[in-house]
Amino acid sequence: MPNQNPEQIARDHIDNKLVDCGWIIQGIKEVNLHAGPGIAVKEYLTDAGPVDYLLFVDGKPCGVLEAKREEEGHKLSTHEDQTEGYAAAKLRHLKNEPLPYVYLSTGEITRFTDFTDPKPRAREVFAFHRPETIREWLKTDRSLRRRLNDLPILQPQGLRECQIKAIEHLEVSFKENRPRALIQMATGSGKTFTAITFIYRLLKFAKAKRVLFLVDTRNLGEQAEQEFMNYLPVDDNRKFTELYTVQRLKSSYIPTNSQVCISTIQRLYAILKGTELDESAEEENPNERKYQPKEIPPVEYDPKMPIEFFDFIVIDECHRSIYNLWKQVLEYYDAFEIGLTATPDKRTIGYFNQNMVSEYTHEMAVADGVNVGYDVFIIDTKVTTDGATLWKGEYIEHRERLSRRKRMELQDEDEHYSALQLDKDVVNPNQIRTIIRTFRDHLPKIFPDRYDQNGIFEVPKTLIFAKTDSHADDIIQIVREEFAEENRFCKKITYTSGKDRTDGNETVIEKGEDPKNTLAQFRNSYHPRIAVTVDMIATGTDVKPLECLLFMRDVKSRNYFEQMKGRGTRTITLDDLRKVTPTAHITKDHFVIVDAIGVTKSLKTDSRPLEKKPGVPLKELLQAIAVGARDEELFTSLANRLTRLDKQITGKEKMKFAEKANGKSVSQVVKELLNAFNPDVFEDLQAKVEKEMPGASPDAKQSSIHNLHASLLNEAARVFTGELNEYIENVRKAHEQRIDIANPDELLKAGWEKDDAQKAGELVKDFTEWMQQHKDELIALQIFYNQPFRRRELTYAMIKEVLDNLRSDKPLMTPVNVYRAYEAIEKCNGSPRNELTAIVSLIRKVSGIDHVLTAYDKTVDINFQNWVFKKQAGVTKFNEEQMQWLRMIKEYVVNSFHIEKEDFDLNPFNAQGGLGRMWQLFGVRTEEIINELNEALAA
């Protein structure tokens, strides 16, 4: 008879789990401790009564397992004393010490306590530990949690203060046996380096067996692998990968000799489910998918990867999927979890039990000089905001998305298209051109110091975020035209090659181009100056010389937007910046977001709802089924989409579909998807099990039905391989976009973000107070405030002293930011060339010399014109060569504030003959002219 009461059902579940985990179950009357390494003997007598299961490893007792019915799951802790009593009891026939390993289980919930730990504490585990694992534990006299107390003091060499704090606090968390910990570190502050440092310490000093480094995408996995390869410990002259084996998982094969495994969570799930995963499924950040299934099939115990396979799991850029769909993947392992993120939201903090061991925000990183801050420049156009209308009777160009083949068709009715339809259903080249042209025209205002010696403006390294690859291609062509530049000036940077990404999903690049090579060029070479991407380098790609982000796509996820902004926060030395941007005069101290779509104002959410929405791209449904999602809503949605597709495609295209679907037609595939959740089919499965297993327990029957249904689901999903999915996407996208050339766009606004005048006023007030506080300390301020007649004595060093003190006291109060604050609240004259000229302009304004804030170069220009006019009006007449030298002196004073005779040995004077040539041109008046110009230009 099958076991019917709750206690027996619980033991059936426990028996199955024990067997799965490598244990042999025996009754007390049939004990054979030589039958295998791990034996679980039922009802073994102790002086405290019979224990449900006594666990033997290699013939020696090592632990107990107490079974409770499922209904007891909510109060298991009340049974801990009883179970611990069995572990401490004397066993019949044996002379034993208290047993170290204690399990308490209902079959659904299992808790484990290791009494060799410093402070033994029960923790929930997915299954039981294997006998081979307990054998290894018994060989050592110190458990992992005890070894964590042996970690030596951290050596701080080569670490930033924020990294030291993160590691030290994390190790305190380990010693307190906290299962989850969260490290917040701003983008660019060295999260991965920090992680590798503490992983190295865990492997070396705590003798951790294996660490999992979990990432969002394959791209991030490759970068992490590279960082492990480059890491050199401070206490060893060998690299990390010469000391430990690091393996990035690329298939279902799991190397057991690796100390560090790098994987995406999608691949880990596929491994636990025993399915293969196409690499394309690892290219997209799961956080950005519109489609999220309500559930995915639960993971099951995998003897090739037992729960104790990893001791620690490091979750890089931990995103919402870890506490939604994929949470079960992490909870499968009996491991500490460490989250790394720059932008934690409430749910992230909640998942990690509010154990944020380190908090290092972007503002802190900017204050420390680890990151740079940003300013926002707004571009608003009429079509971007309102859309436009395709008018009846007009011939409208239609363009196939893939082939770009064009045709003309008469518009049969007035049709308004919204801003949301732009670059998807309708492309308005004038809208793109208006944005790009406005961007081009305002770049000299945004970066006023980027002119070379010939007066030619140099475009800073700029990244444009596009909506789709089709949109990106349109942008690239228009950028090249508007900037009058060659192909290499503007390139697309993507990750996947050989696929089209017309709807923002897959990627296409020009034939023969290596995306990694293009990215390397963008990072290290002069060209390209502008890169366009959909989302390939939204996270995790380091391009330090990047100074400008142009958003032409909106983003709804707050975390994703923060990560995209993080591309610009990286610091870089002036020498390294000049290698790719030669006109840079100062080190990168900020970057600029150019918002041409309203991304800085649009509503951002921490997550998206899990319910399906009609607008979910087909590609995301295909990806979901490819990574193992098996819920009914997914199958139904996909079946409906394929049914519509079947009506749209040609007979030839249907034949091609069948070739890639193992001979199945679209309608057959649809039928299998629908049958997978058809109640009649499910009843047939139940009838089959009842017929084949008449005497089995209900639990066994239910398990068989579950397995048959899973096989049915997997069979329906089997055809959706990368090749078929790509074909479905491409054949669907052969439909056309309409090109609107009849509606020119109109610029509504272009300027710095000025929404918060109060904030700007506060910044101006704070700067004025700082100046007042230091006017008697700093020589330059003493001159401006108290002895303005001595302005001719100002030197570069004096102005630099003011700037250095301001940066030290108020890192966020950069002169350029203060200047822009003034622009937000009052009329100003010109824009500063750089931080030094900005601070001189601000000092003149605050000290009362100038009533209107004026760019210093404009002040010098006016003073120079006045001085020359007075000279020319008198006896003195300057020839053209003399004027050329005077202009050189004027430009030198703009940047250096003062000139001495020794300065004529420097550029640009030395190339023209230096002080000797000056004497030849001006004779005995040379010193007089130098002194006069120092005084006149500083007036």
Side-chain angles (χ1 to χ4, degrees), residues 449 451-455 574 578 582-586 778-804 832-841 843-844 847 849 854-939:
D449 59 342
Y451 288 90
D452 65 16
Q453 291 183 348
N454 298 317
L574 180 58
R578 281 177 170 167
T583 61
H585 296 300
I586 58 173
L778 303 174
I779 296 174
L781 297 187
Q782 290 175 12
I783 291 173
F784 274 106
Y785 275 94
N786 305 319
Q787 301 167 306
F789 60 89
R790 292 180 55 204
R791 289 201 299 274
R792 67 175 183 271
E793 300 174 21
L794 281 172
T795 65
Y796 178 90
M798 293 177 188
I799 302 300
K800 186 71 164 51
E801 182 186 25
V802 178
L803 180 60
D804 289 344
R833 287 190 180 184
N834 53 48
E835 296 281 5
L836 283 167
T837 59
I839 202 166
V840 173
S841 298
I843 294 171
R844 290 174 64 94
S847 63
I849 294 173
T854 304
Y856 186 61
D857 60 304
K858 287 186 175 294
T859 298
V860 173
D861 281 345
I862 293 170
N863 291 341
F864 178 72
Q865 290 171 10
N866 292 336
W867 180 81
V868 170
F869 180 78
K870 288 179 182 178
K871 288 290 183 183
Q872 299 280 43
V875 178
T876 305
K877 305 291 181 183
F878 297 122
N879 61 36
E880 183 53 39
E881 187 176 2
Q882 287 175 323
M883 283 301 301
Q884 180 184 345
W885 272 77
L886 293 174
R887 292 188 194 101
M888 282 196 297
I889 293 172
K890 183 259 294 184
E891 284 299 318
Y892 187 85
V893 171
V894 167
N895 294 299
S896 299
F897 315 107
H898 188 85
I899 190 167
E900 297 283 354
K901 287 188 290 185
E902 292 78 9
D903 295 330
F904 287 87
D905 294 333
L906 306 174
N907 280 329
F909 307 109
N910 60 349
Q912 306 295 326
L915 186 61
R917 184 58 182 158
M918 179 78 177
W919 274 94
Q920 290 175 0
L921 289 171
F922 296 98
V924 294
R925 293 181 300 161
T926 296
E927 288 194 32
E928 177 189 338
I929 286 174
I930 291 174
N931 289 334
E932 283 189 26
L933 283 174
N934 275 328
E935 183 169 352
L937 298 184

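The main-chain N or O of V893 is never found under 3.5 Å from a side-chain atom of S896 such that the two would form a donor-acceptor pair. Side-chain atoms of R844 do not come within 3.5 Å of backbone N or O of I849 as any donor-acceptor pair. No donor-acceptor distance shorter than 3.5 angstrom exists from the side chain of D449 to the backbone of A584, with no hydrogens or angles considered. Checked by atom type and distance alone, the side chain of T583 never pairs as donor or acceptor with a backbone atom of Y451 at under 3.5 Å. Side chain of Q882 to main chain of N879: a donor-acceptor pair is present (N/O by atom type, distance under 3.5 Å, no hydrogens or angles).
Between L906 atom CG and Y892 atom OH the span is 5.0 Å, to the nearest 0.5 Å. Distance check: F897 CZ to N934 CG gives 12.5 Å after rounding to the nearest 0.5 Å. A distance of 9.5 Å separates CD1 in I930 from NE2 in H898, rounded to the nearest 0.5 Å. The CD atom of E880 lies 7.0 Å from the CD atom of Q884; values are rounded to the nearest 0.5 Å. The structure places CG of L921 at 4.0 Å from CZ of R917, a figure rounded to the nearest 0.5 Å. Remark: D857 CG to I862 CD1 distance equals 9.5 Å, nearest 0.5 Å.
Heavy-atom minimum distance, P832 versus A838: CB-CB, 3.5 Å. Shortest non-hydrogen contact noted between M918 and W885 is SD-CE3, 3.9 Å. Of all non-hydrogen atoms in L937 and N863, the two that sit nearest each other are O-ND2, 3.0 Å. Nearest heavy-atom pair across F878 and I929 is CE2-CD1, 4.4 Å. When all heavy atoms of F904 and L915 are compared, the pair lying nearest together is CB-N, 3.6 Å. Scanning all heavy atoms of the two residues, the minimum distance from E891 to N895 falls at O-ND2, 3.2 Å.
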Exercise for the section: Check the pair F909, I889 against side chain to side chain contact (heavy atoms under 4.5 Å, CB included), reporting the backbone distance first and the verdict last. Expected result: CA-CA 9 Å; F909 307 109; I889 293 172; 3.9 Å; yes
Anything under 3.5 Å between a donor and an acceptor, one on a side chain of residues 796-804, the other on a protein residue two or more places apart or in another chain? List them.
{"unit_1": "K800", "atom_1": "NZ", "unit_2": "D804", "atom_2": "OD1", "d": "2.9"}
{"unit_1": "K800", "atom_1": "NZ", "unit_2": "D804", "atom_2": "OD2", "d": "3.3"}

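Listed by first then second residue, pairs satisfying salt bridge (Lys or Arg N to Asp or Glu O under 4.0 Å) with a partner in residues 894-912 read K901-E927, not counting sequence neighbours.
Taking 4.0 Å as the cut-off between side-chain N and carboxylate O, R925 and E932 do not count as a salt-bridged pair.
Residues satisfying the ring-ring contact (aromatic ring centres under 6.0 Å, His included) test with F922, not counting sequence neighbours, are none.
L886 places a side-chain heavy atom less than 4.5 Å from the side chain of L933.
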